[in-house]
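Working notes, beginning with the structure itself.
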There are 2 protein chains.
Amino acid sequence: MEIYKTEKRQRYLEEYSIGYLFSFPIEEFLEVHEYKREEWIIQEGMRPDFLFYVIEGKAKIYVTHQNGKVSLINFIKEKDFFGEMELLNPIYYTKGIQATTKTVCFAIPFHFCRAKMLEDTAFLRELAKFLSVKSTQMAAKYTQSLSFPLENRLAEFILQTADGEIYKEKHVTVCDFLGVSYRHLLYVLAQFCDKGYLQKEGRHYRILQHNELDGLARVLMNE
Amino acid sequence: MEIYKTEKRQRYLEEYSIGYLFSFPIEEFLEVHEYKREEWIIQEGMRPDFLFYVIEGKAKIYVTHQNGKVSLINFIKEKDFFGEMELLNPIYYTKGIQATTKTVCFAIPFHFCRAKMLEDTAFLRELAKFLSVKSTQMAAKYTQSLSFPLENRLAEFILQTADGEIYKEKHVTVCDFLGVSYRHLLYVLAQFCDKGYLQKEGRHYRILQHNELDGLARVLMNE
DNA sequence: TCCTAAATATGAGATATCTCATATTATTGT
DNA sequence: ACAATAATATGAGATATCTCATATTTAGGA
């Protein structure tokens, strides 16, 4: 982890101003942190000292269960907060946050800013919106996971993450995210190839029948 | 649905004051609504005109999927909000809310109060806390449902909802809530009886081995 | 460059869970 | 009090998904 100082910090503060999220001057308190690919930004179970706001990069939220299984709860991207649970709730089991790519965040120290943030209408309104979306998404994912087989959820995931016609997510990550075994994921991917929806090209998959996948994914919708 | 007027309304306003949740005078705008057991407070897909705050009673949040399956997303109890998604988000697929028992709510009209509420620090802070808890719970339920068989989740549910030593939830409701088929629910309940954790008494079940169920439920924890 | 750990692949057998069919009680409205 | 509807119950067969064993390939570190 690297903390940007002086000019570099200043450059980020200017280029990605988040002043509009607050009605008090936040700039002076902001730290700018850079995390390397794969680096753990927050260790599971360790309360952070900052509220984070992502400027560049992507990260993943993980939790480990008692039976050893790991769940990838969600992805975090630009303009997302994390650490907000710890800001609001004195008791909370902290999830692990791992950078997927090089990630730059604003880190807002609780120590100096908690009280101010909790008194700030503009910020609280943004936060409430962010949380309402998050909560809605989790509820949707929850009920979908109980109501539909992997086939549908994977189709949606492929379409969401594909780069043009190419799908190339790591199987291991996808298993944790969709909550299925590695074996089963490969079964369903093989089915998609059999049916001609996908074509395997080395380690990647090319989407051949966008429509068919879309049909499978669309069934999840309406929420 | 019945709207309390004059004295009855006044009595509720005094007995269950929620003035402390707001920093502006809210009382004059509050309606007091009573819904009968089984009544739909909000129809799925129909945006409500109020933010609701539950005073007495219990309700359920439902969503219907395209394949006809119904999910019981969560239970709502005293001191919970609902309609807050529609307050915050102009675009949102409204879930259905059904009263389980006779339910009395304060209904805060968006028309008069939206702007005020979205400017109110005290309220926004409460709402953000409420949403953060809700989001955390959904995330936990989501990952648990993907990581553990019904056995564990049912054990937890039985302990949470049992009335003393007696478990008597309706199977139909539990299926929707835990996202499993009726058939499978009965299988696992039968297993619990075989193992001596539960004993069937007419339509109810008596908890015989609290410890064993607790062991199964505890495996979910740590979040 | 080589070694090791991670990621990919595939088979075989188990089990968790689902669908459907069919009875038998409760509950509710009239 | 009766009919209709909802809830409970159980069997049988299907399928979605898991576990484990084992190879092969890829990628990162000494």
Side-chain angles (χ1 to χ4, degrees), chain A residues 36-39 60 62 65 67-72 98 100-101 143-155 157 167-195 198-205 216 219-220, chain B residues 36-39 60 62 65 67-72 98 100-101 143-155 157 167-195 198-205 216 219-220:
Chain A
K36 288 196 276 284
R37 195 160 94 73
E38 309 279 271
E39 189 175 359
K60 292 175 281 190
Y62 279 107
H65 300 278
N67 64 359
K69 265 202 191 175
V70 169
S71 291
L72 202 189
Q98 187 186 30
T100 307
T101 62
T143 63
Q144 287 167 7
S145 74
L146 293 176
S147 304
F148 298 94
L150 180 61
E151 183 178 50
N152 299 93
R153 296 180 290 130
L154 179 59
F157 183 77
Y167 168 77
K168 52 184 171 188
E169 293 300 315
K170 275 207 248 177
H171 298 332
V172 195
T173 306
V174 180
C175 292
D176 290 341
F177 185 61
L178 297 179
V180 295
S181 66
Y182 189 90
R183 193 64 190 83
H184 190 55
L185 173 62
L186 287 221
Y187 269 136
V188 177
L189 280 172
Q191 279 175 35
F192 283 176
C193 291
D194 280 353
K195 293 179 184 165
L198 297 180
Q199 183 177 349
K200 204 166 163 185
E201 299 188 344
R203 336 215 90 204
H204 301 165
Y205 293 80
L216 287 173
V219 175
L220 300 181
Chain B
K36 288 198 275 288
R37 194 159 95 72
E38 309 279 271
E39 189 175 0
K60 292 175 282 191
Y62 279 107
H65 300 278
N67 64 359
K69 265 202 192 176
V70 169
S71 292
L72 202 187
Q98 186 187 30
T100 308
T101 63
T143 62
Q144 287 167 6
S145 74
L146 293 175
S147 304
F148 299 94
L150 180 61
E151 184 178 50
N152 299 94
R153 295 180 292 131
L154 180 59
F157 183 78
Y167 167 75
K168 51 184 173 188
E169 293 298 316
K170 275 206 248 177
H171 297 334
V172 194
T173 306
V174 180
C175 292
D176 291 342
F177 186 60
L178 298 179
V180 295
S181 66
Y182 190 90
R183 192 65 192 85
H184 190 54
L185 173 62
L186 288 221
Y187 269 136
V188 176
L189 280 172
Q191 280 176 36
F192 284 177
C193 291
D194 280 354
K195 292 179 184 165
L198 296 180
Q199 181 177 351
K200 203 167 163 187
E201 299 188 343
R203 337 216 87 202
H204 301 166
Y205 293 79
L216 287 173
V219 174
L220 300 181

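Reminder, nothing fancy here: chain letters follow the sequence lines and each chain counts from 1.
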* Report yes if the side chains of B:Phe148 and A:His65 come closer than 4.5 Å at any heavy-atom pair, otherwise no. => yes
* Nearest-nucleotide comparison on DNA chain D, the residue closer to the 5′ end among B:Lys170 and B:Ala190 -> B:Lys170
* Choosing from C:dA16, C:dC18, C:dT10, which nucleotide comes nearest the side chain of B:Pro149? -> C:dA16
* Asked: B:Arg183 has an atom CZ; how far is it from atom C1' of D:dA7, in whole Å?
  -> 15 Å
* Tell me: CG of A:Asn67 to C1' of D:dT19, nearest whole Å? -> 13 Å
* Asked: Atom NE2 of A:His171 to atom P of D:dT26: distance rounded to whole Å?
  -> 13 Å
* **Nearest-Å distance for atom pair NE2/P, residues A:His184 and C:dG11** => 16 Å
* **Nearest-0.5 Å distance, NZ of residue A:Lys69 to CG of residue B:Leu146** => 8.0 Å
* Can you tell me the distance, in whole Å, between the OH atom of B:Tyr182 and the P atom of D:dA6? => 14 Å
* Do B:Leu154 and B:Leu216 touch side chain to side chain, with heavy atoms closer than 4.5 Å? -> no
* Structure fact -> In whole angstroms, the gap separating C1' of D:dT8 from OH of B:Tyr167 amounts to 13 Å
* To do: Measure from the side chain of A:Val172, starting at C-beta and using heavy atoms only, and say which of D:dT17, C:dT17, C:dA7 lies closest.
  => C:dA7
* Specify the separation, in whole Å, of atom OH of A:Tyr187 and atom P of C:dT15. => 16 Å
* Think B:Arg37 has a side-chain N or O under 4.0 angstrom from the OP1 or OP2 of C:dT28? -> yes
* Asked: Does B:Lys60 reach the side chain of B:Asp176, with side-chain heavy atoms less than 4.5 Å apart?
  -> no
* To do: Nearest whole angstrom, please: distance from the P of D:dT17 to the CD of A:Gln191.
  => 9 Å
* Asked: B:Lys200 side chain N/O closer than 4.0 Å to the phosphate oxygens (OP1, OP2) of D:dT8?
  -> no
